[in-house]
Each structure stands twice: as structure tokens, then as C-alpha cells.
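Below: the structure, in C-alpha cells.
Basis for what follows: all heavy atoms, side chains included, without hydrogens, waters or symmetry-related copies. Atoms within a ligand are numbered from 1 in the order they appear, just like the ligands themselves. From a predicted model like this one, the values you see are computed outputs, not experimental measurements.
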Amino acid sequence: MTASLTTPTPEPVLILGAGLMGRLLGWQLAVQGHPVQIRDVGSPEGNQSAARVAAAMLAPLAEAAVTEANVVAMGQYALPRWRELLAQLPEPVYFQQQGTLILWHRQDAGEAHRFSGLLGATRQALPELPTPENVQGARLAELEPAVAQRFHQGIYLPDEGQLDNRQLLQALLAALVQQGVQLHWNTPCTLEQALEWQARHGGWVLDCRGLGAQGDWPIPGPTLRGVRGEVVRLHAPDVTLQRPTRLLHPRYPIYIAPKQDHVFVIGATEIETNDLSPASVRSTLELLSAAYAVHPGFGEARILELNTQCRPTLPDNLPAVHQPAPKVLQINGLYRHGFMISPAVLDAVIEHIHCGTQTLANQLQLSFNTPKPRPVN
Ligand SMILES: Cc1cc2nc3c(=O)[nH]c(=O)nc-3n(C[C@H](O)[C@H](O)[C@H](O)COP(=O)(O)OP(=O)(O)OC[C@H]3O[C@@H](n4cnc5c(N)ncnc54)[C@H](O)[C@@H]3O)c2cc1C
């Protein structure tokens, strides 16, 4: 007997949704020998995905103010994994890991105090997190000369990263094609249709439809919701920022994520609705005036795009993997942290598919809801 005869043949996989999670999973499973098919309601550019609109900041410490410690831990796990994953892609993806700068206007010092308190609580739960640095004067000017005249102090969060979401979607598409993955665009698919496919072909079904899975998550119950985010993409040749910058504000906190060639993503609103209509005047004014307050060079910027998408969000605002039937996984609730945590979710799902275990999910406290074994009488 040769060893290859005892190695199980990788099972076929049908993935619903070619946004962030669907592309990552499809690529990695194909690399590991699975025949993979992906169906997406939209186009190869990801025109119906949250992933196409996102700022793609990888900022676990900055997010500590708005999320739970387990999401922060997933974000920390993901940062080195992104480097490994990006190095394997057939096309380059802009990736930067120079930290995040948190700023506030003098009158909003209370917001800074609140932010520091939340960060401190998360660091108590996760002592291995990098240490934030209070910066002022010369140190602030050294880090980010362009803002040092307007702001006198800030908090620097080392090690945080960001990537170019659109280059990533494109590079993942190239990787999927290279691996021979069957790609079906403009092809909406329901969980029911996927189960029919499984009944015919066997193998796994992975539901990565983000908000498109709303009718099916969990079974039954309409608990998956959208949280609308509006973002502006600007070309601002007069502005140079080294790293994502966040402005704390009691009503409209914003971030400015610098991409290559003086392109900036300014975002994002957080509105409890599934409404995908174009950005409102109010939101646009708030985003742009806050950006202008950080750097007057934005006054001469050109507006490239105004975009709206909804973040797929579960009731507790946390990600989850749910197994409604054998070899069927629903992966959802990535909310505003999809880029930040997806390598952790990817590795946890692949571990489950290959080993039937949830070691990483348990370690990172990723909710992984598989049916309990029936008690033996
Ligand atoms: C404004 C905004 C800013 C963001 N900024 C950040 C950030 O800075 N950092 C960060 O980590 N995260 C950010 N996010 C969150 C991140 O984009 C999401 O968490 C992530 O994209 C979710 O990935 P997903 O694969 O679950 O869903 P998506 O990326 O939305 O992909 C879902 C896919 O399913 C497809 N689909 C839907 N219905 C069907 C159907 N019936 N059949 C087949 N296919 C279907 C869609 O076409 C889409 O391609 C942001 C999101 C928004 C909206």
C-alpha cells in the first residue's frame, strides 16, 4: 500500500459569495487540492460586496474602543497572517503596517479620555497587545508632520496595518483563476439551492454571502442586519499622511486611510439600516469637513467616489460560524472588522473542514456553533 491511497481525496466545495471571506476560503481550499466552485450575485470586481467599499484598516487596538477583546485578539492574530497570505498571491497588494494615529480637537479631550479608558480595559484582558504611546510636540511632528501644526497631542498605536481592498479582491480573483476555481458571476444562490448541489455532489457548502444571507441566518430568524457605512474616496495631491489617522469626535468620529498615490478613503458613517441608497448630503458634509479640519490640503482634493455599503452584522456585533447541517458552514457577522480578522476566521474554518476540530476558534473565542452530539442513552 502506498501512503497516497490512505490520504483522503479533498472533497468538493461550493462557496456562496465571492466577497472577502468567499475569495479567501476558495483560494486556500483550492490550493489544498479541493475542487472549488463559487457563485456570486455580483461581478468579478465585487460590486455587491462590503469588501469593495471598505477602508481595509487592520487596526485591532483602535477598534478596542468599539469591540470586544476576542475581536481584538483575532485582529492581532491576523496581522502576521496577512503578510504570509499576501506573499503567496500572484499579484501585489499594497500593505502597510506603520500604526494608527488618534487625534482630537482640544474641546473633545473627554473623547480621548474615554478612548484611553476603553483601550486600557482591553489591554488588561490582553496584556500582550503593543503599548500605545501618548505623543505630543516634536514626537507628533516626527510621526506625522502634516498634522503637527493643527494638533498638539495624540495617541500612537504601533503595529496597526492597512491594505488596499480593491487590489486584494483583484489579486484573489487572479489566484482563484490560477487555481482553476469555477467562478460563476451574476449568479445568485440560495442556501436551499446549495443543499441541492450538496445532495448531488457531496462535499462542503460554505455560505459567505454577507448581508445576502439575511434570510437564512440563523435558521430561522431575521437576525442578521446591515449597518450602513458611507465613505468618500479622494485624490489629494497636497496631502501626505504616513498612516491611517482617526479623529475622535462626540458626533462624527472619522478615519482617513491613505492609499497609494495620494488616494484617501475617508469614512465612515455607522447607521442602523439596510438602506443602500447613495450617500446623504449630511454624511458627506460631516466626513469632508472633519477631514478638512485634520488637513486643509483636502480642500483642493478631487472627489473620486462616494460609496455606500452595509456591514453584515449579528445581534452581538461579533463574527460567528454556524453549522445548520452536516458539512454546511455559514460564516458571517464580520461587521466592521472583516479585513482585520478574516485570516483568523479563514484558519479556524479550514481547521474545522480538515480536522473536525475548533482549536483555533476556541483559542480566539470565535463563536463556532456546531450541533451538539446527541447524548447516548
Ligand atoms: C464602509 C465600510 C468600511 C469598512 N471598513 C473596514 C475596515 O477599515 N477594516 C475592516 O476590517 N473591515 C471594514 N469593513 C468591513 C468589511 O468590509 C466586511 O466585514 C467584509 O467585507 C465582510 O466580508 P464578507 O465576505 O462576509 O461579505 P462581503 O464582502 O459583503 O461579500 C459578500 C458577497 O456575497 C455576495 N452575495 C450576496 N448575496 C448573494 C447571493 N444570494 N448569491 C451569491 N452571492 C451573493 C455579494 O455579491 C458579495 O460578493 C468595512 C465595511 C464597510 C461597509
query = For Leu16, is the nearest heavy atom under 4.0 Å from an atom of ligand 1?
reply = no
query = Among protein heavy atoms, which lies nearest atom 44 (N) of ligand 1, and at what distance?
reply = Val41 N, 3.1 Å
query = What's the shortest distance from atom 5 (N) of ligand 1 to any protein heavy atom, and which residue and atom give it?
reply = Ala55 N, 3.3 Å
task = Kindly confirm or rule out an N or O of Gly212 lying under 3.5 angstrom from an N or O of ligand 1.
result = no
query = So do the side chains of Arg302 and Glu300 get within less than 4.5 Å of each other, counting heavy atoms only?
reply = yes
message = Regarding Gln260 and Gln167, do their side chains bring together a donor and an acceptor under 3.5 Å, going by distance alone?
response = yes
task = Would you kindly specify which portion of Ser342 sits under 4.0 Å from ligand 1, judged on non-hydrogen atoms: side chain, backbone, both or neither?
result = neither
note = The atoms of ligand 1 lying under 4.0 Å from a heavy atom of Cys208, numbered in the order shown, are 32 (C), 33 (C), 34 (O)
Pair His354, Gln32: side-chain N/O donor-acceptor within cut-off below 3.5 Å = yes
request  = For ligand 1, note which part of Ala18 has a heavy atom under 4.0 Å away: side chain, backbone, both or neither.
outcome  = backbone
ask   = Closest non-hydrogen protein atom to atom 10 (C) of ligand 1, residue and atom name please, with distance?
value = Arg336 O, 3.2 Å
task = Answer side chain, backbone, both or neither: which part of Arg39 comes under 4.0 Å from ligand 1, heavy atoms only.
result = backbone
ILVMFWY cluster, Val231 and Ile256 together (side-chain gap under 4.5 Å) = no
note = Closest to atom 2 (C) of ligand 1 by heavy-atom distance, out of Ala213, Ala54, Ala59, is Ala54
inquiry  = Assess the residue pair Thr284 and Glu230 against the criterion (side chain to side chain donor-acceptor pair (under 3.5 Å)); give the C-alpha distance rounded to whole Å, side-chain angles, the decisive distance to 0.1 Å, and a yes or no.
reply    = CA-CA 8 Å; Thr284 310; Glu230 294 147 299; 5.9 Å; no
query = Applying a strict 4.0 Å limit to heavy atoms, is Pro188 in contact with ligand 1?
reply = yes
query = Is the distance between the ring centroids of Phe264 and His235 less than 6.0 Å?
reply = no
key: Under 3.5 Å side-chain donor-acceptor pair for Gln97 and Arg83   = yes
message = Out of all atoms in ligand 1, which are within 4.0 Å of some heavy atom of Gln309? Include the element for each.
response = 53 (C)
ask   = To the nearest 0.1 Å, how far is atom 23 (O) of ligand 1 from its closest protein heavy atom, and which atom is that?
value = Leu20 CB, 3.7 Å
inquiry  = Just so I know, are the side chains of Glu111 and Pro253 near enough to count as touching, which here means a heavy-atom distance under 4.5 Å?
reply    = no
Heavy atom of the protein closest to atom 24 (P) of ligand 1 (residue, atom name, distance) = Met21 N, 4.2 Å
Arg228 side chain vs Asp275 backbone, donor-acceptor pair below 3.5 Å = yes
ask   = Hey, does Cys310 come in under 3.5 Å of ligand 1, counting only N/O atoms on both sides?
value = no
request  = Classify the contact between Met340 and ligand 1 as side chain, backbone, both or neither, using a heavy-atom distance cut-off of under 4.0 Å.
outcome  = both
inquiry  = Among His337, Arg52, Arg311, His184, which one puts a heavy atom closest to atom 53 (C) of ligand 1?
reply    = Arg311
query = Hey, which atoms in ligand 1 end up nearer than 4.0 Å to a heavy atom of Tyr255?
reply = 3 (C), 5 (N)
ask   = What do you reckon, does Ala50 have a nitrogen or oxygen under 3.5 Å from a nitrogen or oxygen of ligand 1?
value = yes
ask   = For ligand 1, which atoms have a heavy atom of Gln48 less than 4.0 angstrom away?
value = 46 (C), 47 (O), 48 (C)
request  = Check ligand 1 against Ser49 and write out every atom of the ligand that is under 4.0 Å from a heavy-atom position of the residue.
outcome  = 28 (P), 29 (O), 30 (O), 31 (O), 48 (C), 49 (O)
Check: Thr122 side chain, Gly120 main-chain N or O, donor-acceptor pair, under 3.5 Å = no
request  = Assess Asp40 for proximity to ligand 1: is some non-hydrogen atom of it under 4.0 Å away?
outcome  = yes
key: Contact partition for Tyr335 relative to ligand 1, non-hydrogen atoms under 4.0 Å   = backbone
ask   = Got Asn317 and Val227 here, is their nearest side-chain heavy-atom distance under 4.5 Å?
value = no
query = What's the shortest heavy-atom distance between Thr100 and Arg243, and which atoms?
reply = C-CD, 4.1 Å
message = Need the ligand 1 atom indices (1-based, order shown) with element for anything under 4.0 Å from a heavy-atom of Met57.
response = 7 (C), 8 (O), 9 (N), 10 (C), 11 (O)
ask   = Backbone, side chain, both or neither: what part of Ala51 comes under 4.0 angstrom of ligand 1, heavy atoms only?
value = both
request  = Please name the pair of heavy atoms, one in Tyr335 and one in Thr313, separated by the smallest distance, quoted to 0.1 Å.
outcome  = CD1-OG1, 3.1 Å
Euclidean distance, Asn70 CG relative to Leu126 CG, rounded to 0.5 Å = 9.0 Å
message = In the structure I gave you, are the side-chain heavy atoms of Ile353 and Glu11 within less than 4.5 Å of one another anywhere?
response = no
message = Is it the case that the side chain of Arg150 and the backbone of Ala293 share a donor-acceptor pair, with hydrogens and angles ignored and the cut-off at 3.5 Å?
response = yes
ask   = At what distance is the nearest protein heavy atom to atom 1 (C) of ligand 1, and which residue and atom is it?
value = Val231 CG1, 3.7 Å
request  = Determine, using heavy atoms of Gly46 and all atoms of ligand 1, whether some pair is separated by less than 4.0 Å.
outcome  = no
query = Of the protein's non-hydrogen atoms, which lies at the shortest distance from atom 26 (O) of ligand 1, and what is that distance?
reply = Gly210 CA, 3.9 Å
note = the protein heavy atom lying closest to atom 41 (N) of ligand 1 turns out to be Cys189 O, 3.3 Å
Asp207 and Arg209, any side-chain heavy atoms less than 4.5 Å apart = yes
